[in-house]
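Have a look at the structure below before the remarks.
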Amino acid sequence: MTSLPRDGAPPLAIDTPIRRRVLLLARRRPTTRGSLLALLALALAVMLAPLLAPQNPYDLASLSVMDNRLAPGEQGMGGITYWLGTDSQGRDMLSAILHGMRTSLIVGVASTAIALAIGVAAGLVAAQFGGAIDSAIMRLVDFMLGFPSILVALVLLSAIGRGVDKVILAIVLVQWAQYARLMRAAAMVERRKEYIEAAVNFGLPTRHIMLAHLLPNSIGSVLVVATISIASAIALEATLSFLGVGVPVTQPSLGLLIANGFEFLLSGEYWIAVFPGLALVALIMSINLIGDRLRRSLNRRAL
Amino acid sequence: MSAPLLELKGITRHFSAKRSLAEHILGAFGHASAQPKILRAVEGVDLEIRKGEVLGLVGESGCGKSTLARVATGILPPTAGSLAYAGRDVATLSRAQRLEYLLKVQMVFQDPYASLDPRMNVERIVGEALAVHKLAPRGDIAARVEKALTEVGLDPAYAKRYPHQFSGGQRQRIGIARALAVEPDLLVCDEPVSALDVSIQAQIVNLFLDIRAKRAMTYLFVSHDLGIVRHVSDRVAIMYLGRIVEIGPAQEVFSSPAHPYAAALIGAIPSLSRRKRSFEPIPGEMPSPLAPPSGCPFHPRCAHALPVCSERRPVLAPIAPGRQAACHLHAAEAAS
């Protein structure tokens, strides 16, 4: 069942806590370690963006139109070197990317956290109570999952307008259902085990059984999926912003930066779209690699 | 004879078997029976467990003994029939009285790997009910847990460990300590040793006997292992297809079983003294509880079946003082 990892480290026990699992895995696999470091570096850079960025890209007064579309490495009028070039407004791309990534990460993490909370609660309730409540919740889930997520988000955002909060709302709406389904499946398996019967035998309140026994024992796989979903939430946000229904122009995310540079791609000014694109790839890839390792570590047969 | 601690009257437990999607669709067009299938796990069982005794409950797998155990502990509500604990009908109890009944009738489970929450340490597992129901002051819980662990032969120093750090036998001891922590009167043991190694089985059985001696504990001991049941039980009930077919003092039932099914079961016990090498298996298999046979549920497999056996179901009737059997053979004997 538990195959030995290639480098001979001890196999993970079935109930090794997730925290320890992540640490062990990070030590074991160079790709995981690399992406964990990359993600930490990106997160740090994003948090310190106002300090690190050479320029405040939202302060129009600090921008000089004379510096527009400078190639990477060129020096501007004010004597600053623009290492990643500037866009058509003369905005430093490095600063724009740091700030844009902040918006992207906030949207990704916040929407996943909210969707996770709603989905887990719905799935837990469905699994515990069964019957009509279960049917009602799960038919709603089926209904939500029946639509392509990009379509739901596009329609919603074109109806309620742009804004970071509205993008988060749209992503929560399309993502909670998958967590609900996963959580219900995991909780149904746990609910049949004898330790739940023992808790019933002790006359423990249903609320206590759900929160103290069912939740911690069935949330593992859902959390793993959630890490991967942060990446897809970021990608969805980028897509929506690229299409012009996502975040407002005053708060550009990576997707919006790519959209801004898109028209200059063919005229040779590649940096305006390519650098935000690379940043987006690095962000999504590091999250995906970590999530993928987590998923495999939980699926013990595939370790 | 002492008064019954727990009395089961006409306990019936059905499960509705889920229909497949195809059956649902056919049902909608009137091609399949509209009636959902019903699994009759336990059918009209009367049983009384007297204070201080060990009542063994035996039968093949699938005969409903685990379901009956779960009804007795209050984990599963019965479909029909009533339960009386210490003379009071459980259905009429107030919330607080019902909780008291739940705690006084504790269960020891079969699978020591599934019966402990893997994410809780031993102290939380054993002390959970005490803490949640505030049965002991917060500061006393650790001491109560320690006492329960010592009683089942575990080192109290293990209190902070997690279930996966223990062997099957140790886990089963934790399960017993969890039950003992709430000071029960009746332990319902559902195949408590069948998942353990034979060498460990003896230790756990002896632990039950020790607890019995120390606490004057009453047991409902469910097992398919006749050897163990014979060793621990004062009285024994034999179950077949959701019904009790024979009940009586263990010594008498084992030495001269009255019901043909009981006789066949007991005849199959390997014995050293008799040097028995061949077995007479009961022909056929146990019928499905989804579609029990007409008349006596055992008649398709019974060597002594009479014509009446397929028509009328025999009821449990006294055959000797303290002994009852459900068989037409005995009714015929009594009549002649």
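From a predicted model like this one, the values you see are computed outputs, not experimental measurements. Sequence lines set the chain letters: A, B, ... in the order given, protein chains first and strands last, and positions in each chain run from 1.
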For the student: nearest non-hydrogen atoms of A:L204 and B:A129, plus distance: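 That closest heavy-atom pairing would be CD2-CA, 4.2 Å.
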
Residue pair B:D117 / A:A212: nearest heavy atoms and the distance that separates them: OD2-O, 3.9 Å

By number, which residues in residues 69-90 of chain B have some heavy atom less than 4.5 Å away from chain A? B:R70, B:T73, B:I75

With a 4.5 Å heavy-atom cut-off (strictly below), which parts of residues 177-199 of chain A touch chain B? List them by number.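 Contacts with chain B: A:K193, A:E194, A:Y195, A:E197, A:A198.
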
Quick check on B:V105 against chain A: is it the side chain, the backbone, both or neither that has a heavy atom closer than 4.5 Å? backbone

Test item: A:F202 and B:L102 side chains (from C-beta on) under 4.5 Å apart, heavy atoms: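 No, side chains not in contact.
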
Residues forming a side-chain contact (heavy atoms from CB on, under 4.5 Å) with B:S61, sequence neighbours excluded: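 B:S61 satisfies side-chain contact (heavy atoms from CB on, under 4.5 Å) with no residue once adjacent residues are dropped.
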
Only distances under 3.5 Å count here; give the side-chain donor-acceptor pairs of residues 105-120 of chain A to other protein atoms, sequence neighbours excluded, each with its distance to 0.1 Å.
unit_1	atom_1	unit_2	atom_2	d
A:S111	OG	A:V107	O	2.6
A:S111	OG	A:G108	O	3.2
A:T112	OG1	A:G108	O	2.7

Exceeds 12 heavy-atom contacts within 6.0 angstrom, atom CZ of B:R161: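 Enclosed.
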
Does atom CZ (B:R95) have a neighbourhood of more than 12 heavy atoms from anything else shown, all under 6.0 Å? no

Tell me, out of B:R98, B:E128, B:M107, who's got the most heavy-atom pairs with chain A below 4.5 Å.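 Maximum pair count with chain A is reached by B:E128.
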
Do any N or O atoms from the side chain of A:H213 and from the backbone of B:R119 form a donor-acceptor pair under 3.5 angstrom?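 Here the side-chain-to-backbone pair does not exist.
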
